[in-house]
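Notes for the one structure printed next.
All chains are named by letter (A, B, ...) in the order of the sequence lines, taking the proteins before the strands, and each is independently numbered beginning at 1. Keep in mind that the numbers below use all heavy atoms, side chains included, and drop hydrogens, waters and symmetry copies.
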Amino acid sequence: MSNPFVENLVDREYDAGFVTDIESETLPPGLDESVVRFISAKKDEPAWLTDWRLEAYRGWLEMTPPKWAHVHFSPIDFSAISYFSAPKSQADGPRSLDEVDPEILRTYEKLGIPLHEQEFLAGVVKNTSSDPASDLTGSEARPLVAVDAVFDSVSIATTFKDKLAEAGVVFCPISEAVQTHPELVRKYLGSVVPRKDNFYAALNSAVYSDGSFVYIPQGVRCPMELSTYFRINAQNTGQFERTLIIAEAGSYVSYLEGCTAPMRDENQLHAAVVELIALDDAEIKYSTVQNWYPGDKNGKGGIYNFVTKRGACIGVRSKISWTQVETGSAITWKYPSVILRGDHSVGEFYSVALTNNYQQADTGTKMIHIGKNTRSTIIAKGISAGRSNSTYRGLVRTSPTAIGARNYTQCDSLLIGSNCGAHTFPYIESKNASAIIEHEATTSKVSDDQLFLCQQRGIDPEKAVGMIVNGFCKEVFRKLPMEFAVEASKLLEVSLEGAVG
Amino acid sequence: MKLLEVDDLHVTVDGQKILNGLSLTIEAGEVHALMGPNGSGKSTLANVLAGRPGYQITSGTIHFKGEQLKDLKVEERAHLGLFMAFQYPVEIPGVSNMEFMKAALDAQAAAREEEPLSAIEFMKAVRKIAEELDLNPDFLKRGVNEGFSGGEKKRNEILQLLLLQPTLAVLDETDSGLDIDAIQTVSAGVNRFRNTDNGLLLITHYQRLLDYIVPDVVHVLANGRIVRSGDKGLALTLEEKGYAWLSTS
Amino acid sequence: MNVAEILNDLPRRNMAWLDSNEAAERLSASLVSGVVKEQWKYTPIKGFIEGFNSSLANPVDMPDPVVMAIDGAEQPQIELVPFNAAASEDLAYLGNVLHDGIFSERYPLADLTALTAGNGLLIRILDTPQQPLLIDFSHTGCSPVVISVAPNAHLELIETASAVGFHSEFIRIDLGEHAVLHHGRSALAIATGHWSLLQVSLAEGASYSLQSYATGAQRRRIDTQVLLRGRGARVEIDGAYLVEDGCHLDQQTIIEHEAPDTFSKQRFHGIGLGKSKTTFNGRIHIHRNAPRSDAALTNKNLALDPEAVINTKPELEIYTDDVKCSHGATVGQLSEDAIFYLRTRGLSDESARAVLATAFLKTCLHGRLAKTVEQRFLEALSMDSPGSGR
C-alpha cells in the first residue's frame, strides 16, 4: 500500500447500528406453503393474491440462485431465515401514530426520520449533524416530505396522508392498498417484474410482507416528495418488501427510499422488488440512499441486498429516472432498469456505489429500448476502497422496433488503495441499425499528487479524499433531491473512514 | 446571364417556417452579400440551395443556370457548379484531405464528361493553392478537417472553392471565428476566385468581411425575407445603426 | 445429438503427450461451466463442436500449415519441428506452453483442437530472420502451432486463414525477453466454420503488435489472449472487420496484465452489413501485482443495414489502484452531416457512403496485409476504391 494514511485512520462506526428493544411477533425460521399462507392470511389478502404468492413460491422452488454476478459468499440457508417479523403492538393492524410503540418512534428519531407531522411542519426536526451544510436542509425552505416507515415486515406509519388525499394521491402500505385499491394492485403487481423473473424476485413474490404503494392520478403533480424508510431490526429475519408506483398519464412523482439495519454478526437477507409504471407523459423519479449495515471491518455480518427494481415506460413520452447512492450492505446485487416501451420515452440511471472493507457490490442497470426514438442515459460511479470489489454491470439493448434509439453510458471507477477491485461489464446489444449507442469507461485513483496538493493547502488527507470522492460523484448527487444530496455526500465521507489511500 | 433566381421562396424546417417569400437574383460576375440578425434565415437559404435534407420547400422556385434546383440531388447541384462553404465544416476522420478533394474533383469531372486531372497535376494544383492560403502542406495528409483549428477549417473550405472552380459559391459565415489576419488571407483567396463568369453569395453577420470582399449588392434578411437591398453603403449603415434601425426607419 | 454424444464419437488423433481421456473429461466439465456459458453467449458453442465432428468424420491426413519465408528462401534462424518429431525436451516445453490454452476452462475448443489434431508444428525463431515468416492455414482441420521467439529476436509474421471448410487453429506464441513481434493476420474466406485461438505470452520488455483483420463466415469465432507476464511488456492491437449478409463473426480479446508497468492498447473498427451478426468482447484484466499498468480499448461499430445485429462488451477487471485504464464502445451509423458534406462536393450518395465506410475501416488498416484486406472489404461493400482516379 503506497499511502501511510490508509493504516492510520480510525475505523468508523456504523451510525445506524443499534437494536431496538421491542416485543416482536416473529415466525420460526423456515419456508413452506404454510408460511406463505400465514403471511397472506395475516394481511387478510383476497384469494387471488394468496394463489399468486403460492404460484411464485412453487416457481421459486424450481429456481436456483443466480451465479453470474461478480460476488462471492457462502450459499444462503433459506430454511434458517424467518420470513415474517412484526412489532407486537402493531400486530393487530392499522395504526395511528399515537399507537406506535414509543421505542419504534425513538428509533426513527435516532435515524433522523420525521414521523411527527407537526414537528416536521414546524421545522423542529433538525438534522443531527453540526455540519453547516445541513442548514440548507433545516431551513424553512425545506420541502415537505411524506414518509412511509417500514419496520421489519410491516409499515409503521405513513405521514401526510390527508394532504396527499386532497390531491388524489394514494400513498400507503401495499398491504393496505390490497384492501383499498384491489383493482390497481391486481392489474399492476408483477406486471413489470414477473413473479418468476429471477430467484430473489420469486422469493419476494411469495413472502413479501409490506412495502409502499403509490398512485398518482392523471395530470397530478404530486405536491410533495414521497419517502419510504426501511429498517431491519429483528434478528435472523429477512426483509422482503414490495413497492409499486403507478403514475397515470401526465403525472409526476418524486420518491425517495432509505434503508438501515442494526449491526449483527450474521448476514441478513433483504430481497425487495420495486415496480414502476409510467403512462403517457408521466414521470417518475426514484431515489435511493442505501445504507444497510455493511458488516464489520473484517467482513463479518452485514446485509445481503439482493433487489430487483424495474420500471416500465409504457406511455409515450414517459420518463423514469433512477438515482441511487449505495454505500451499505455486505453484498449488493441490484440493477434498477427501465423498459422503454412508449415512443419517445426516456430512461435514466445515475448511480454511486461505494464499497469499503470487504463489501461487494455488483450493480448497474438495463435499458431495454423497444419504442421509437427512446433515449437512455447511464452515469455510474464506482468507488472501491479497502479489500472491497465494486462492479458495474449493465445492458443496453435496442430492439428492431426501436428506431432512432439513443443511449449514452459513462462508467467511472475510483480506486482507493491497492487491494480493492473495480470492474466494468457493459453489454451492448444493437438490433437496430438506426440506433446510436455510446459507452465510455475510465478508471482513476486518488493520487498522491492530489493529496499532497490538498495537504499543502492545509486540508487533512481524510477531508481531502472526501472532497475528491464527492467531486467524482457530483454528477450523480446533482440528480438527488437536495436534502438527500447533502445526506449522501456526508454518508460517503463516513463510509470511507479507515480507507483513505 | 442569370446564375441564380430565387422566386418567392417559402421554407420550413421541422414544421417551422423559416423563409417566407424570399426572392433574389444573382447575375454572372456579381457579388451579393446577405446580412441579417441571428435567426433571420441566412443559413437556411444556404442549406436550401445546397439541398440539405430536412429543409422543406413549401412554395416558390429556385433556378440555377436555368435549371430547377428542387429536382436535383445534392451532388448534381455540385456537378452543375454550385458550391457551399460550410459555416461548420464537417470532420471526417480517416479520409485524408487529399483523397477527399481528388474524389470530389474526379466525380465532378466524370459528371461533366471531362478528363480528370492526373495525380501529378492535381498535386501541383493543390499545393499551389495551399501555399496561397498559407496552409501547411502537411494538412493535406490529415483527415478532412480532423483536428483543424477554426481558421484552418475555413481556409480549407476556400481551398476547395479554388480547386473546384464552381460557377456560384455560397459562403456561409466564412468570416465567423476568424481573426483579422485570417480574414485577409481568406478574402484574398475569394477575390482570386472572382471573375466575370461566376457569382458569389456572401452570408455574413458583420460588415467587416465586406471591407475585403466588396459586394455589388447588399441584402438585409429579416423574418425570412429580404426587407431591403442596396449597395455596399447599406452594410455600413447597418454597422452603424444596427438591425433595429430597419424596423424603426 | 447432444454435445456429450458428439464428444464421445469424435475420432481422437491426439499428440502423444495429451491424455485423451482426461482431456475429454475436462472438456465435458468446462462445456457446462458458467464461464463458457458467458463466453459463448452470442455464439452457440455447439455448432463448433458439430463442426469438429463433421470435418473429422472423413479424416484426411492433415497436412501441416504452409510455413515459409516471404521469398521462399531457407532461413537458418527459423527451425521447424513437427510435434511427432519433437525431442523429449521439446515435448516438455510444448506441454508447458500449451497448458495455458488447453487446460483453461475458458477455451474448451483448444482442448478439442489438441485432442483431434493429427499433428502440430513447433517453430523456433532462434534469431532475427531476414524475411518475414508466412503461415497459411489453407486446409480444413485442426492445427496447433507453437512459435517460440528467442530473447531479443525480431520477427515479422504474416498469417492467413484461407480454408473454406471447417477449420480450427490454436496458435501459441512465446516472446522471450525483449523480443519484438509484428504480426499481421487475416481471415477473409467465408468458411463453413472457423475457430481460432491466438495466445501470446510476453516476457519482460517484449513487444507485440498485431493487426487482425476478419470478415464474417457462416460461423467464425476468433479468440485472442495476450499474457503480459514480464515487467514492461507491451501490446498494441488494431483490428478491422466486416461482416456480410448472412454471416457471423464473434471476436473475443483478453489482455492479462500480470506484471508491473505493462501496456496495452486496442482499437477495433467493424461494420455489419445485411442480415449479419457481429459480436465483440474485449476484456482487460489487471492483476493485483501489476501496478502502473496502462490499458485502453476502443471498439467502434457501424450497422449499415437495418438487420445488422451488433453486440459489444468491453470489460474491465481491475485489482489495483495505480493504473490507467479506459475503454469505449459505440454502435452507430455513418454521419449524415459527413455524407451531406461529401455530396455538396459532388460525390454521389453511394460513393459518399463508400468513402466514409472505407475510411472508418482504414483507420485500423496498415502493414503488409492492408492492401489485400482493403480490396476484400471494398468488394464486400461492392464499390470501387474512392479517389482511385477513375
Side-chain angles (χ1 to χ4, degrees), chain A residues 1-3 6 66-68 70 382 384-385 387 389-398 400 403-448 501, chain C residues 33-35 37-38 41-42 271-281 283-291 293-335:
Chain A
M1 197 164 293
S2 60
N3 200 294
V6 181
K67 289 210 178 94
W68 40 261
H70 194 283
S384 324
R387 295 182 172 273
N389 276 289
S390 175
T391 300
Y392 168 82
R393 185 183 304 277
L395 167 67
V396 175
R397 178 186 288 153
T398 58
I403 293 160
R406 296 280 179 278
N407 163 267
Y408 175 73
T409 301
Q410 192 190 322
C411 292
D412 297 321
S413 306
L414 186 69
L415 294 106
I416 303 175
S418 55
N419 292 315
C420 55
H423 321 299
T424 314
F425 303 107
Y427 294 73
I428 298 169
E429 300 179 357
S430 167
K431 295 185 166 64
N432 189 300
S434 66
I436 296 181
I437 303 170
E438 285 178 80
H439 170 97
E440 285 174 45
T442 64
T443 302
S444 53
K445 66 171 210 157
V446 176
S447 76
D448 294 346
Chain C
S33 80
V35 173
K37 268 190 200 150
E38 176 63 26
K41 186 175 160 81
Y42 300 105
I271 288 181
L273 299 174
K275 196 173 174 161
S276 60
K277 187 170 166 191
T278 308
T279 299
F280 179 84
N281 192 329
R283 177 180 145 90
I284 295 167
H285 180 185
I286 313 244
H287 295 238
R288 179 136 297 154
N289 52 350
S293 286
D294 182 342
L297 163 72
T298 51
N299 173 230
K300 294 188 177 178
N301 297 281
L302 294 179
L304 294 190
D305 289 308
E307 290 186 279
V309 170
I310 291 175
N311 304 309
T312 172
K313 180 160 138 253
E315 295 179 37
L316 287 175
E317 203 171 333
I318 302 169
Y319 292 95
T320 189
D321 68 337
D322 194 3
V323 296
K324 230 169 92 185
C325 256
S326 66
H327 70 212
T330 60
V331 180
Q333 303 82 45
L334 296 172
S335 145

Quiz item: Do you know which of C:T312, C:I286, C:T278 has the most heavy-atom pairs under 4.5 Å to chain A?
Solution: C:T312
Exercise. Check A:L415 against C:T320 and note the closest heavy-atom contact, atom names and distance.
Key: CD2-O, 3.6 Å
Can you list, pair by pair, the side-chain donor-acceptor contacts under 3.5 Å of residues 429-438 of chain A, counting residues two or more places apart and other chains?
unit_1 : atom_1 : unit_2 : atom_2 : d
A:E429 : OE1    : A:R397 : NE     : 2.9
A:E429 : OE1    : A:R397 : NH2    : 3.1
A:E429 : OE2    : C:Y42  : OH     : 2.4
A:S430 : OG     : A:N432 : O      : 3.4
A:N432 : OD1    : A:S434 : N      : 2.8
A:N432 : OD1    : A:S434 : OG     : 2.6
A:N432 : ND2    : A:S399 : O      : 3.4
A:N432 : ND2    : A:P400 : O      : 2.7
A:S434 : OG     : A:G404 : N      : 2.8

Quiz item: Taking every heavy-atom pair that is under 4.5 Å apart, which of A:G421, A:G394, A:C420, A:S444 has the most such pairs with chain C?
Solution: A:C420
Quiz item: Using a heavy-atom distance cut-off of less than 4.5 Å, which residues of residues 301-311 of chain C contact chain A?
Solution: C:A303, C:D305, C:P306, C:A308, C:V309, C:I310, C:N311
Exercise. State whether the number of non-hydrogen atoms from other residues, nucleotides or ligands found under 6.0 Å of C:K277 atom NZ is greater than 12.
Key: yes
Quiz item: Knowing that exactly one of C:E317, C:E315, C:H285 qualifies, which makes a side chain to side chain contact (heavy atoms under 4.5 Å, CB included) with A:H423?
Solution: C:E317
Anything under 3.5 Å between a donor and an acceptor, one on a side chain of residues 322-330 of chain C, the other on a protein residue two or more places apart or in another chain? List them.
unit_1 : atom_1 : unit_2 : atom_2 : d
C:H327 : NE2    : A:H439 : NE2    : 2.8

Practice problem: Please confirm whether the backbone N or O of A:G417 pairs with a side-chain atom of C:D321, one donor and one acceptor, at under 3.5 Å? | Solution: yes
Quiz item: What's the spacing between C:I318 CD1 and A:N389 CG if we round to 0.5 Å?
Solution: 11.0 Å
Practice problem: Tell me, for C:K41 versus chain A, whether the close heavy atoms (under 4.5 Å) come from the side chain, the backbone, both or neither. | Solution: side chain
Quiz item: Roughly how far, to the nearest 0.5 Å, is the CZ atom of A:F425 from the CG atom of C:L316?
Solution: 8.5 Å
Self-check item: Under the side-chain contact (heavy atoms from CB on, under 4.5 Å) test, residues paired with A:S413 that sit two or more places apart
Solution: A:A422, A:T424, A:T443
